[in-house]
Engineer: 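First the structure, which I've put down as structure tokens, then a few questions once you've had a look.
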Amino acid sequence: MELVVHKSGDEVAAAAATLVAESIAATEGRFSLGLAGGTTPENTYQRLRELDVEWSQVDAWLGDERWVSPDSNRSNGHAAWTTLFGATTAAMHRPEWGQGIEPDDSAAGYGRLLRRIHAEKPGPDLVLLGLGADGHTASLFPGSKALGESHHWYVANEIPETHEMRLTATYPFFATAALIVFLVVGRAKAPALRDSLQQATPAGKVESALGHVLWCVDEEAASLVD
Ligand code: 6PG
């Protein structure tokens with residue numbers, strides 16, 4: 001685990017965008033990129049628009065998705081598409097949603113798609129993740145069922161407090177990644193970051209195959225880290 005503290009959220013976004021672009025440039029063949037949801041990564045996606053990236057080699061997929069219409073402004077896929085990926089030649093893979101499709105079936109189908117995308121490699125090349133103030137990441141929320149998933153790469157998962165339905169990548173899938181980069185900005189995340197660095201939150205329990213998890217944070221988020 002590595003912690004890098006930047007002066008500001010803008011510097012976090014610039015560093016993350018450069019890391020993604022350089023990782024893609026250094027990779028022969030297909031590049032699997034996991035996308036964080038929420039608002040923090042938008043700055044990184046906007047900066048990636050300004051960089052010279054061979055997007056045609058990229059398979060982009062969602063670390064999690066809300067169970068909403070694909071064109072909802074609450075959809076992580078919609079946000080990533082409108083902020084960046086709709087303007088690139090990357091292959092953007094999104095879970096199925098629609099009349100008569102159940103969350104469990106959509107998650108299972110997406111999991112099968114992810115296994116096809118990664119058939120020639122152990123797992124993702126780079127996964128971007130965010131951190132919730134309660135210590136969740138993707139849609140691995142405290143007390144939720146998906147925390148105990150030990151096989152499937154993607155599952156439907158209800159948020160215990162709100163009963164909102166989500167789809168999320170799981171610990172077994174994250175464990176196959178070469179590199180996981182958490183993007184954490186702002187004082188509101190400081191307690192969750194401190195606890196995550198002590199593996200005391202769902203986010204803190206994310207590991208990657210090669211053991212490389214990078215926490216890319218700003219000074220405000222790191223204000224409670226010793
Ligand atoms: C989601 C995200 C979630 C997010 C954190 C942080 O669907 O909401 O995947 O895990 O990364 O909640 O969100 P913010 O970046 O908006 O603070």
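When a ligand or atom number is given, it counts from 1 through the structure's own listing order.
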Engineer: Whether the side chain of R74 engages the backbone of V68 through a donor-acceptor N/O pair (distance < 3.5 Å, no angle test) should be reported.
Structural biologist: no

Engineer: What do we get for L129 next to ligand 1 when only non-hydrogen atoms under 4.0 Å count, side chain, backbone, both or neither?
Structural biologist: neither

Engineer: Got an N/O contact under 3.5 Å between T137 and ligand 1?
Structural biologist: no

Engineer: Output the list of atoms in ligand 1 that are nearer than 4.0 Å to some heavy atom of G130, sorted by atom number.
Structural biologist: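 Checking each atom against G130, I get 11 (O).
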
Engineer: Could you find the nearest protein heavy atom to atom 6 (C) of ligand 1 and give me its residue, atom name and distance?
Structural biologist: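 Protein heavy atom with the smallest distance to atom 6 (C) of ligand 1: L131 O, 3.4 Å.
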
Engineer: What residue among D64, N76, T168 forms side chain to side chain donor-acceptor pair (under 3.5 Å) with S139?
Structural biologist: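 For S139, the side chain to side chain donor-acceptor pair (under 3.5 Å) test succeeds with only one of D64, N76, T168, which is D64.
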
Engineer: Are L183 and C216 close enough that some pair of their side-chain heavy atoms sits under 4.5 Å apart?
Structural biologist: yes

Engineer: Taking only non-hydrogen atoms of E65, do any sit less than 4.0 angstrom from ligand 1?
Structural biologist: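 Outside the 4.0 Å threshold, so no.
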
Engineer: So which heavy atom on K189 is nearest to which on A133, and how close?
Structural biologist: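 Shortest heavy-atom contact: CD-N, 4.0 Å.
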
Engineer: Which residue supplies the protein heavy atom nearest to atom 5 (C) of ligand 1, what is that atom called, and how far is it?
Structural biologist: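 Result: H136 NE2, 3.5 Å.
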
Engineer: What protein heavy atom lies closest to atom 8 (O) of ligand 1? Include the residue and the distance to one decimal.
Structural biologist: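 For atom 8 (O) of ligand 1, the nearest protein heavy atom is R66 NH2, 2.8 Å.
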
Engineer: Tell me: protein heavy atom nearest atom 17 (O) of ligand 1, and distance?
Structural biologist: K189 NZ, 2.7 Å

Engineer: Can you name the atoms of ligand 1, numbered from 1 with element, that are less than 4.0 Å from a heavy atom of R166?
Structural biologist: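 Near R166, meaning under 4.0 Å from one of its heavy atoms, ligand 1 has 1 (C), 7 (O), 8 (O).
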
Engineer: Without swapping roles, check the side chain of R49 against the backbone of T83 for a donor-acceptor pair under 3.5 Å.
Structural biologist: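 At least one qualifying donor-acceptor pair exists.
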
Engineer: Distance to 0.1 Å, residue and atom name: give those for the protein heavy atom nearest to atom 15 (O) of ligand 1.
Structural biologist: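 Looking at atom 15 (O) of ligand 1, the protein heavy atom closest to it is T40 OG1, 2.6 Å.
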
Engineer: Can any side-chain N or O of D59 pair as donor or acceptor with the backbone N or O of S32 at less than 3.5 Å?
Structural biologist: no

Engineer: Does ligand 1 have an atom that lies less than 4.0 angstrom from a heavy atom of A138?
Structural biologist: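 The answer is yes, since A138 has a heavy atom less than 4.0 Å from ligand 1.
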
Engineer: So, for F173 and W61, is the gap between ring centers shorter than 6.0 Å?
Structural biologist: yes

Engineer: Working note: N43 + D10, criterion side chain to side chain contact (heavy atoms under 4.5 Å, CB included); need CA distance, chi angles, decisive distance, verdict.
Structural biologist: CA-CA 7 Å; N43 195 347; D10 279 346; 2.8 Å; yes

Engineer: Can a salt bridge be assigned to the pair D226 and R194 using a cut-off of 4.0 Å between side-chain N and carboxylate O?
Structural biologist: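 Looking at D226 and R194, the cut-off is not met.
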
Engineer: Are any of the N or O atoms of D64 closer than 3.5 Å to those of ligand 1?
Structural biologist: yes

Engineer: Look at atom 13 (O) of ligand 1 and say which protein heavy atom is nearest, naming residue and atom and giving the distance to 0.1 Å.
Structural biologist: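 Minimum-distance protein heavy atom for atom 13 (O) of ligand 1 reads G38 CA, 3.9 Å.
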
